[in-house]
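Beneath this line is the structure, given in C-alpha cells, with notes to follow.
In each ligand, atom 1 is the first atom listed, and ligand 1 is the first ligand listed. This is a predicted model, so every value here is computed, not measured.
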Amino acid sequence: MRIIERVDQLQECLAQYNNVGFVPTMGALHNGHLELAKQARKECEIVVVSVFVNPTQFNDKRDLERYPRTLDADAKLLESVGVDFVFAPTVEQIYPDEQKYVIEDESILPLTAVMEGAHRPGHFDGVVQVVGRLFDIVNPHKAYFGLKDYQQLAIIRKMVEVQNRSVEIVPCDIVRAEDGLALSSRNSLLTLQQRAVAPLIYRELIQIREKIDAGNHDYSKLVRDAILQINKNEYLCVQYIEVVDAVSLQEPAENKTVRVCAAVMCGDVRLIDNV
Ligand code: AMP
C-alpha cells in the first residue's frame, strides 16, 4: 500500500487502470469506513481511499478544529483490508486555485435545502465541491458511500446525474456498535456518560420504523413522541427528526417509501442517524 500526498503522483499511479474503486473519507477511520473499503476491494482492481478533512464542508469552525486526525492508525487499518493507495493530500493540493465545484443546477436545491442542509448552511456546497474535485482527480469507476450519511448519498447521486459523470455510486449499509449506535468518527469525542445514552437515538428511530411498518402514518405524532423521549435525557437534544420521501427527501406522499432521519446533539457532539 502506498500513501500519496500529491495529485500528480496519484494520477501517475492510476493512469494504467480502468477499474478503480474509490472511498472518500475524512479519516479517523472505524469499521464503517472499512466496510466501504472491503466492498471496493471485492469489486475493483485497484482501491483508493482518500483521507482529507475538507475545510469547506464545515460550517462550524470548532467542529473542524477538533475533528479527530489519526492518519498513521488509519493507514494501518486500510493496509489490513488490502487498500492499494491512501490519498492524503494537503488543502493546497485539493484547492490550488480556490476553484469552486459548486453545482448551479436547480434540481439539486430541494435535496440540499432540507435536514442537514437547513441546519448546516453551506455544508453540502462543500461536500459537492470536494467530491467533484476528488472524482476529477481519481476518475473512479465505482465510488462507495455509506447510507449513514443518507442525504449526502442522495445529493452525490444527483450531482453525478446532472454533471453526467460515468462513476457508479455504490451505497453501503450503516455499520453500528453492538448497542446500536451508528459508528462515527465523532463518537470518539463523547464522554462515557454521553456514549452510554447515545444509542437511544437509534432505538427511537426503530420505534418509529416499527410503527410505520404497522400502518401508522401519522408521521408528525410519531416524530413528536420520539423527540420527547430523547429530549428527556439530560445529555441529548434533538435538532430534527424527519420522515421524508426516500428519494426526493421531501414530504412523503401516501404509500411512498420513506426514510426516517435524525440529528441529535449529544453534549456538544452532533450525531446523525437514519433508518
Ligand atoms: P466521513 O469520514 O465521515 O466523511 O465518512 C466517509 C464515508 O464513510 C461516507 O460515505 C460515510 O457515509 C461512510 N460512513 C461513515 N460512518 C459509517 C457507518 N457507521 N456505516 C457505514 N458507512 C459509514
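- Close approach of ligand 1 to L183 (heavy-atom distance below 4.0 Å) involves ligand atoms 16 (N), 17 (C), 18 (C), 19 (N).
- Counted within 6.0 Å of CD on E12, heavy atoms from surrounding residues, nucleotides or ligands total 12 or fewer; the atom is thus considered open.
- The shortest N/O to N/O separation between C172 and ligand 1 does not fall below 3.5 Å.
- Taking a cut-off of under 4.0 Å to the non-hydrogen atoms of K148, the atoms of ligand 1 that pass are 16 (N), 17 (C), 18 (C), 23 (C).
- In this structure, E5 places its CD atom where only 12 or fewer heavy-atom neighbours from other residues, nucleotides or ligands lie under 6.0 Å away.
- For A182, no nitrogen or oxygen atom sits less than 3.5 Å from a nitrogen or oxygen atom of ligand 1, counting backbone and side chain alike.
- A 4.5 Å side-chain heavy-atom check between Q151 and L249 finds at least one atom pair inside the cut-off.
- Note on residues 252-275: no pairs pass ring pair (Phe, Tyr, Trp, His ring centres under 6.0 Å), not counting sequence neighbours.
- Scanning the protein heavy atoms around atom 15 (C) of ligand 1, the nearest turns out to be H30 CE1, 3.9 Å.
- F124 and G117 get closest at one heavy-atom pair: CE1-N, 3.5 Å.
- Aromatic pair F87/F22: centroids not less than 6.0 angstrom apart.
- Any N or O atom pair closer than 3.5 Å counts here, and F145 shares no such pair with ligand 1.
- Residue pairs meeting the side chain to side chain donor-acceptor pair (under 3.5 Å) criterion with at least one member in residues 173-184, sequence neighbours excluded, are R176-D273, D179-R195.
- Side-chain atoms of N54 and Q57 form a donor-acceptor pair, as typed in the model, at a separation below 3.5 Å.
- The protein heavy atom nearest to atom 6 (C) of ligand 1 is P24 O, 3.4 Å.
- Protein heavy atom in closest approach to atom 21 (C) of ligand 1: D173 O, 3.3 Å.
- At least one N/O-N/O distance between H33 and ligand 1 falls below 3.5 Å.
- At under 3.5 Å, a nitrogen or oxygen of G146, whether backbone or side chain, sits near a nitrogen or oxygen of ligand 1.
- For atom 4 (O) of ligand 1, the nearest non-hydrogen atom of the protein is M26 CG, 3.6 Å.
- Interface of L36 with ligand 1, defined as ligand atoms under 4.0 Å from a residue heavy atom, comprises 7 (C), 8 (O), 10 (O), 13 (C), 22 (N).
- Near T25, the atoms of ligand 1 lying under 4.0 angstrom from a non-hydrogen atom of the residue are 2 (O), 6 (C).
- Which parts of ligand 1 touch I174 is read off a 4.0 Å heavy-atom cut-off, strictly below it: atoms 20 (N), 21 (C).
- Where the criterion is an N or O separation shorter than 3.5 Å, residue side chain and backbone included, D149 meets it with respect to ligand 1.
- The closest side-chain donor-acceptor pair between Y235 and T191, if any, does not fall under 3.5 angstrom.
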